[in-house]
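The structure appears below as structure tokens.
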Amino acid sequence: MKHTPTIRAELDRYLEQKGLSLAQFGQLAGMNRGIISAIVSGNKSMSINQLDLITEAMCLPEGHFYDLFIENYIIDHPPNMRRIEPFLYRCAELDKLDAIRRVVGAIMDNLLYSPKLFEIAEELLSQGKNAAALLLYEGVAEAEKYQHSERLAVCQYRIFTIQVGDDQSKNLSAATIFEVFVERLDEIDQLDALKDLANVYRSLRKWDKVDEMARQMRAKAEIQYSLKHQEKRELRDIEKRTRGPLFGYIAYADLLYASVCEARGDYQQALQYTYAYADLEWVKETDEDTRHWVNLFSQWAEGNIYVNKLLSGDVGVLPDYVEYIAATSNANENEKLSKLLNIMIAANRYQINVDDVLSRFEMDIHSFAKLPTVADMYTQQVIPDYFAWFGFEMAHYYLHRGKYTDGFKFLMNAMVKSHIINNETYFINCIGLFMRFQDHAAPAIQMEFSDLIEKVWLSNVKENNTVNHFE
């Protein structure tokens with residue numbers, strides 16, 4: 001039977017090798033002799049803070065003894081949250097994810113520890129330590145998978161929001177797994193969850209799912225809004241708060257409906273939904289935050305009315321739309337990207353020359369270089385999709401007009417962004433466009449294209465564990 005070493009044996013050996021007394025080592029570690037003696041003799045367990053002081057005094061890297069700490073003081077002892085909690089926080093601080101995984105695996109056969117681990121996970125998430133929090137949420141979710149509890153649903157919601165990232169195929173999997181837990185969330189939390197799901201499905205162009213999420217969100221938001229304004233019902237009755245005002249979820253549902261109709265080519269119906277969220281006279285609140293959101297929806301509606309008319313073939317609105325974009329030039333870059341994307345879609349669909357528009361917004365277009373790195377689900381999911389789409393539309397426009405240098409530059413950029421977000425449809429479309437115009441590609445561009453294709457190929461075979469077949 002393999003003997004597990006102990007931290008105290010390692011410390012005792014170190015003292016002997018260095019010829020240090022307990023008092024001398026205690027002075028190095030900033031601990032009194034009695035504590036050192038009790039630790040070495042095994043009469044006292046140690047805290048993570050004491051372990052860190054001992055490790056530093058022994059001139060070893062931070063966290064050097066963490067695996068032994070788990071063996072000596074967590075696995076070999078009844079779980080003690082007074083010891084485990086600070087250890088988990090310290091592991092998160094040092095990014096010792098394997099250590100966190102071991103602790104969770106060691107204690108989560110007992111459901112009594114779920115509430116505390118969930119609480120720690122929430123705190124780690126608030127600190128931005130998402131990877132560490134994810135391990136705790138996954139541990140709690142696994143332990144409570146048969147409990148049908150609200151905590152289980154919240155864990156799944158947190159797992160979903162943490163896992164959603166650049167890879168659209170993984171995002172689809174994360175959304176599909178989480179969706180079944182939405183109804184178990186608090187009624188207020190369901191609104192944000194449905195909105196987040198809708199935005200992920202929107203980026204994936206799963207329009208039936210966008211429509212479904214929007215309808216559920218609107219129905220629930222209408223109930224909550226009605227309850228909020230019932231006679232004699234006080235505001236404090238709604239203890240929890242959404243990320244935005246309640247009426248905004250109703251209006252945002254109309255915006256999502258309009259997006260679904262637009263994607264399906266039903267621009268007249270899209271306009272009707274757009275007019276709906278432009279007219280928010282029914283909103284009862286009059287505070288500054290409400291006015292801010294009402295104004296935002298009005299601005300979005302103004303632009304989207306132009307968009308739906310333009311995409312339906314009414315190219316006469318293009319000059320007004322361009323002026324609208326210029327007038328809202330102080331808007332954030334993500335909004336400007338989506339507006340210019342609409343122009344490029346219409347330009348390619350109806351063979352419109354928009355060289356003057358591209359020249360006017362040249363500086364803005366050059367600024368669309370990096371994918372956004374922000375937290376909200378819309379910008380995190382929908383905007384990266386627009387980046388790749390915009391690059392493809394720009395490439396299509398320039399290549400079909402014989403402007404090959406600009407066309408291939410945007411095409412290669414679109415291919416890279418499509419690969420980053422793992423959007424196979426865009427990537428294949430880019431390949432098809434390249435093949436159609438490949439005779440006009442300079443040797444350097446052809447080499448860049450070949451290198452990218454090989455890189456993607458190698459990445460795919462490695463991911464599918466087939467790389468050894470080609471070595």
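None of these values were measured; they are calculated from a predicted model.
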For residues R202 and D385, determine if any side-chain heavy atom of one lies less than 4.5 Å from a side-chain heavy atom of the other.
no

Look at atom CH2 of W293 and say whether more than 12 heavy atoms of other residues, nucleotides or ligands are closer to it than 6.0 Å.
no

Answer yes when D211 and R215 have at least one side-chain N-carboxylate O distance shorter than 4.0 Å, and no when they do not.
yes

Are N413 and K409 close enough, and set up right, to give a side chain to side chain donor-acceptor pair (under 3.5 Å), and what steps lead you there?
CA-CA 6 Å; N413 188 266; K409 180 185 73 173; over 6 Å; no

Hey, is K195 close enough to D192 for a salt bridge, meaning N to O under 4.0 Å?
no

Regarding E144 and R151, does a basic nitrogen lie under 4.0 Å from an acidic carboxylate oxygen?
yes

Under the ring pair (Phe, Tyr, Trp, His ring centres under 6.0 Å) criterion, do W389 and F392 qualify, and how do the steps go?
CA-CA 5 Å; W389 191 359; F392 175 80; 9.2 Å; no

Has Q127 got more than 12 heavy atoms of other residues, nucleotides or ligands less than 6.0 Å from its CD?
yes

Decide, yes or no, whether a salt bridge links D196 with R243 under the criterion of side-chain N to carboxylate O below 4.0 Å.
yes

Do E179 and K209 sit within salt-bridge range, that is, some charged N less than 4.0 Å from a carboxylate O?
yes

Please test D406 against K403 for salt bridge (charged side-chain N to carboxylate O under 4.0 Å, His left out), starting from the C-alpha separation and ending with a verdict.
CA-CA 6 Å; D406 289 331; K403 298 182 179 181; over 6 Å; no

Does the distance from a Lys or Arg side-chain N to an Asp or Glu carboxylate O, for R360 and E323, drop under 4.0 Å?
yes

Any V322 side-chain heavy atom under 4.5 Å of F361 side chain:
yes

Indicate whether the side chain of E187 and that of Q224 have a donor and an acceptor atom separated by less than 3.5 Å.
yes

With no hydrogens and no angle check, just 3.5 Å: does a side-chain donor-acceptor pair link T290 and D287?
yes

Would you say that L111 contacts Q147 through its side chain, given a criterion of any heavy-atom pair below 4.5 Å between the two side chains?
yes

Without hydrogens or angle criteria, can the side chains of Q272 and Q268 be said to hold a donor-acceptor pair below 3.5 Å?
no

Do F181 and Y157 have their ring centres less than 6.0 Å from each other?
no

For residues H419 and Y426, establish whether the separation of their ring centroids is below 6.0 Å.
no

is_close_aromatic(Y277, Y257), centroid dist under 6.0 Å:
no

Does a salt bridge link D355 with R401, judged by any charged N lying under 4.0 Å from a carboxylate O?
no

Testing the 3.5 Å rule here: is there a donor-acceptor pair between the side chains of N348 and E393?
yes

Is atom CD of E424 surrounded by more than 12 heavy atoms (other residues, nucleotides or ligands) closer than 6.0 Å?
no

What I want to find out is whether R158 reaches E122 closely enough, with some N-O distance under 4.0 Å, to be called a salt bridge.
yes

Can you label the angle between the F118 ring and the Y137 ring as parallel, tilted or perpendicular, going by 30° and 60°?
perpendicular

Do D266 and Y273 meet the criterion of a side-chain donor-acceptor pair at a distance under 3.5 Å?
no

Take K129 and E93 through the salt bridge (charged side-chain N to carboxylate O under 4.0 Å, His left out) test and state the conclusion after the steps.
CA-CA 8 Å; K129 296 180 174 62; E93 185 179 343; over 6 Å; no

Do Y398 and Y404 have their ring centres less than 6.0 Å from each other?
no

Sub-4.5 Å side-chain heavy-atom contact between Y201 and T176
yes

Taking atom types as modelled, is there a side-chain donor on D314 or S312 under 3.5 Å from an acceptor on the other?
no

Charged N to carboxylate O below 4.0 Å: is that the case for K228 and E285?
yes

Carboxylate-amine/guanidinium contact E71 R102, below 4.0 Å:
yes

Lys/Arg N to Asp/Glu carboxylate O, R218 vs D254, below 4.0 Å
yes

Return the orientation label for the Y73 and F69 ring planes: parallel under 30°, perpendicular over 60°, tilted otherwise.
tilted

4.5 Å side-chain heavy-atom contact, K206 and V200
no

Working for salt bridge (charged side-chain N to carboxylate O under 4.0 Å, His left out), residues E183 and K220
CA-CA 11 Å; E183 289 293 331; K220 294 175 185 296; 3.1 Å; yes

Do Y249 and Y225 have ring centroids that are under 6.0 Å from one another?
no

Is the shortest side-chain heavy-atom distance between L88 and L117 below 4.5 Å?
yes

